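Everything on this sheet refers to the single structure shown next.
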Amino acid sequence: MPNPIDYFISLFRGQLDLPSELSAYYRPRPYRNSAVRFRGCSIADFEERRRILVDEAGLNAFLFRADKIPGCDLLSDSGTTTMTSEQWAAMLLGDEAYGSNEGYFDLKEQVGATFGPAWRQKSGLRVGDREPLFIFHQGRAAENAFFSVLSRELKQKGLPAPKPLSGDLLPELRSRIERRAKTVKGHGTASPQPFFIVPSNSHFDTTEGNIEDKFMVPLNLPCREHLANDETFPFRGNMDLDELENLLENERERVPLVYITITNNTGGGQPVSMENIKRVREITRRHKVPFFFDACRFAENAWFVQQKEEGYAGRRVEDIVREMFAHADGFHISFKKDGLGNIGGAICLREESFFTEKFPHFANEITDYQIMTEGHPTYGGLAGRDLKALAEGLRTVTRQEYLDYRIAQVQRFGGRLAALGIPVVHPIGGHAIYIDIDKFFDGAARDDEFKGIAFTSLMLIAGHRVCELGLYAFGSFDGEKEIPPEPRVNNVRAAVPRLAYEDQDLFAAAEAMKLLYDHRDRIPGVRVEYGRDLKLRHFKSRFSFLG
Ligand SMILES: Cc1ncc(COP(=O)(O)O)c(C=O)c1O
């Protein structure tokens, strides 16, 4: 008879090897609740939700009161994190001095520790001297500052005369750029012949809005596996290298920088491989074009590299993050995602790079911009306590047990939806489930019916909130007809807030979606009552059901 403790250890250990769906309730979460929030409403309050949705919100999910959502609020994973006790403790120690508070030094130190030595200010330099970190109150404020200063710098260099695109561009790429250039609108006015092009694997909507606002053309170059819906390819967030090469070979003068969004939120929350990052670095280095990350979900991306990319199994997430960032000239980030914060953003610039070489005054100008719009650069629009919470968040987010649980939970939710027959985008990404609305409605919906908006409205009636990121969010209206996004995306996103929900909550949302799916022939499209021709229209528009 073996020792009973040995015997039971081996039995318990066997449970850990079960697939995560089955063992979900055996393997505990790597944290426990230390504060909870009771709901102020009930799942049975259907009539109240109908009134709020129709009369107050005009079927716009962004305008629906959050305190009247009894189920999962999956509108965004941004700023919705439940902070850890360590973060709350750090907040209590917040130093609210006007300049050079303690949190600023903590965050700066942690940025160097998390992203690697290139992002650390050299010792011996004074505060503000070749500063690598520019703090903003959130990601889009950093983007806005970035493109405002960049476009000013480009103008100061003297804009080249407008000329036709090179005939040597790949024909499909050329016509895509031409079509996209026609829809560029700055401050709601038509474009004065945009000259600059900013390519990315896929821009997020606010990045795209900020680029357009400066009359530049945001150009998405998602990889072929993404376009072909290849569900077996683990890195569908990658960039198409042939198109990038062809663009830089023929139109380098028009490209002030190249982006990669990690993970690729617009393209289904899909990760980008280290191989793709390295190849983009090689191509941009050869053409001497700066290379930046939109780095919001850097830790989740690194986890996918560790789990799925050859040569990275067993490597520490911390080391993979530093390797990824060793390839970039700069990045901007919303700390509301993998900073595990409720607010915060930044631009980070490497001291010696193609970017600082090309734009030597940029760091100084961005500091002036911070002072005019956010506050002193040592707090950048945030309270001292927020800076402390972010430093702590960056220390937590790369922990293996956190990322293992976080991403497994998103995958279990997606697996549940797929098992119920709901067409979700595969492979499932790190922070959200994307429901393919074209497939959900069997390809039957017209482009101007916005069935994704109808779906999100009925989910609110059920008591859960999700977000349309498809024909309405990314399409536009030319005064006569709808222009769908290119490449076409028509998704509804269910983004999972970090450390906030349990499987039971997410599975309740899955059941509501299943009911809608089973009765999809009873879901009409919507009419746009207000805001169809606005920029970033999905945040502001109002709708009513057709028929
Ligand atoms: C990829 C990406 N970039 C930028 C942003 C903008 O960040 P923020 O919401 O902090 O302004 C987001 C927000 O969701 C995002 O997902």
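Order of appearance sets the numbers: ligands from 1, and atoms from 1 within every ligand. All values below were derived from every heavy atom in this structure, side-chain atoms included, with hydrogens, water molecules and symmetry-related copies excluded. Keep in mind that this is a model prediction, so the values were computed, not measured.
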- Query: Do F474 and Y472 have their ring centres less than 6.0 Å from each other?
  - Reply: no

- Hey, is the main chain of G209 close enough, under 3.5 Å, to the side chain of R140 for a donor-acceptor pair? no

- Query: Without hydrogens or angle criteria, can the side chains of D205 and H538 be said to hold a donor-acceptor pair below 3.5 Å?
  - Reply: yes

- Message: What I want to find out is whether E243 reaches R176 closely enough, with some N-O distance under 4.0 Å, to be called a salt bridge.
- Response: yes

- Anything with a heavy atom under 4.0 Å from ligand 1 counts, so go ahead and list those protein residues by chain and number. S78, Q138, G139, R140, E143, F204, T206, T261, N265, D294, C296, R297, S334, K336, K337

- Query: Can you say whether the rings of F331 and W119 are parallel (under 30°), tilted (30 to 60°) or perpendicular (over 60°)?
  - Reply: perpendicular

- Cation-pi check, R350 to F355: give yes when NZ or CZ is under 6.0 Å from the six-membered ring centre and within 45° of the ring axis, no otherwise. no

